[in-house]
Amino acid sequence: MKSFVSRRLRNLALLALALAPITWFLLESAARLGRPDFISGYLLLVSIVFLALYNLRKKAPIAVAFSSASWLQLHTYVGLGTAVLFGLHVDWRLPDGILESLLATLYWLTFLSGVVGLIWTRTVPKQLARVSEEFVYERIPALRQQIYERAQQVVLETVRATGNNTLGEFFSERLQGYLEKPRGLGYWLRPTSEVRKRLLAELTEVTRYLSEPERQAGEQIFSLVRRRDDLDYHAALQWRLKAWLFMHIGLTYPLVMVAVVHGLVVHLFDGGAL
Ligand code: HEM
């Protein structure tokens with residue numbers, strides 16, 4: 001853990017060391033009435049194109065020179081470094097003009113999605129490992145359906161065998177909706193075990209009034225509800241990992257395009273020609 005933290009600190013120090021002369025040069029150039037915005041603009045564009053090419057890492061021959069983890073480190077620190085370049089490029093001011101505002105919005109959304117994604121790719125696997133079982137994302141809907149059908153079957157058989165409908169009523173009033181439908185948006189954004197706890201507490205309450213065979217069925221329902229909740233938890237967190245990457249990549253391409261257009265427009269207005 002210590003070496004992990006010290007490695008990160010060392011890398012951040014290296015990043016600061018690399019940015020220091022660039023920052024100094026750009027500030028100096030501004031003081032001498034030079035054109036630092038062109039230099040910072042090109043540096044930024046090259047860095048963003050480099051970041052955007054990250055998904056070619058597996059295909060490009062040069063990529064084999066570095067491990068996958070090294071590429072990610074490089075991507076992360078260059079990505080973080082662009083925030084300083086961006087700040088210097090816009091002079092730490094809010095942009096005006098439609099194109100510049102669009103560019104700044106796309107840049108900061110891509111940057112933020114990168115930071116959030118970095119945190120999630122570090123934390124989500126640990127959260128998932130705490131769940132009893134691992135589930136393949138694509139199989140989750142089918143497994144949910146199996147749980148629903150199994151619970152229905154257990155309840156029907158018990159009601160038929162005992163002639164008592166307490167469990168059946170509990171199932172149709174409290175459990176059926178939960179087992180039948182996917183979870184709401186709130187759960188997908190912030191999965192919690194609140195509903196699971198509430199339903200299990202209600203089921204515990206009901207089992208106090210049940211006969212022995214019904215209690216045994218109740219035990220099965222208990223484990224089916226737990227499993228369903230584990231499935232939902234996996235689905236929500238795995239979806240989170242997919243969704244952020246989808247967003248990060250989805251923002252990258254418009255960002256590169258708008259940055260190139262911005263560069264062309266700036267050149268056209270600067271000298272009337274490219
Ligand atoms: C601001 C400009 C940025 C651009 C244009 C950019 C672009 C990209 C692209 C194209 C990918 C490849 C996705 C793939 O095919 O797997 C990627 C992945 C990734 N980026 Fe960025 N990125 C930027 C900034 C950042 C920042 C600032 C961070 C974190 C501090 C970051 C963290 C990541 C992570 C963690 C991945 C996924 C790595 C993996 O799981 O393979 N990015 N980015």
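Each ligand, and each atom within it, is numbered from 1 in the order the structure gives. Note that the coordinates shown come from a computational prediction; the quantities given were computed from them, not determined experimentally.
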Under 3.5 Å, is there a donor on one side chain and an acceptor on the other for Ser67 and Ser70? yes
Taking both backbone and side-chain atoms of Trp244, is any N or O found less than 3.5 Å from an N or O belonging to ligand 1? no
Which ligand 1 atoms, with their elements, are less than 4.0 angstrom from a heavy-atom of Ala52? 10 (C)
Using a 4.0 Å cutoff against the non-hydrogen atoms of Leu72, which atoms of ligand 1 qualify? 34 (C), 35 (C), 38 (C)
For residues His75 and Phe50, establish whether the separation of their ring centroids is below 6.0 Å. no
Indicate, as side chain, backbone, both or neither, the part of Val256 found under 4.0 angstrom from ligand 1 when only non-hydrogen atoms are considered. neither
Numbered atoms and elements of ligand 1 in range of Gly79, under 4.0 angstrom, heavy atoms: 27 (C)
Is Trp120 in contact with ligand 1, taking contact as a heavy-atom separation below 4.0 Å? no
Kindly indicate whether the side chain of Leu203, heavy atoms from C-beta on, has any atom under 4.5 Å from the side chain of Arg174. no
His248: which N/O/S atom is nearest atom 21 (Fe) of ligand 1? NE2
Side chains of Tyr233 and Ser193, donor plus acceptor under 3.5 Å: no
Any idea which heavy atoms bring Leu143 and Arg227 closest together, and the distance? CD2-NH2, 4.0 Å
Expected list for residues 110-120: side-chain donor-acceptor pairs under 3.5 angstrom, two or more places apart:
| residue | atom | partner | partner atom | Å |
| --- | --- | --- | --- | --- |
| Thr110 | OG1 | Leu106 | O | 2.5 |
| Ser113 | OG | Leu109 | O | 3.1 |
| Ser113 | OG | Thr110 | O | 2.9 |
| Ser113 | OG | His248 | ND1 | 2.8 |

From atom 4 (C) of ligand 1, work out which of Leu241, Leu51, Leu109 has a heavy atom at the shortest distance. Leu51
Check side chain to side chain contact (heavy atoms under 4.5 Å, CB included) between Ser211 and all other residues, then give those that pass, not counting sequence neighbours. Thr162, Pro213, Glu214
Shortest reach to atom 1 (C) of ligand 1 by a heavy atom, considering only Phe246, Phe50, Tyr107: Tyr107
Closer than 4.0 Å to some heavy atom of Ile249 - which atoms of ligand 1 meet that? 13 (C), 14 (C), 15 (O)
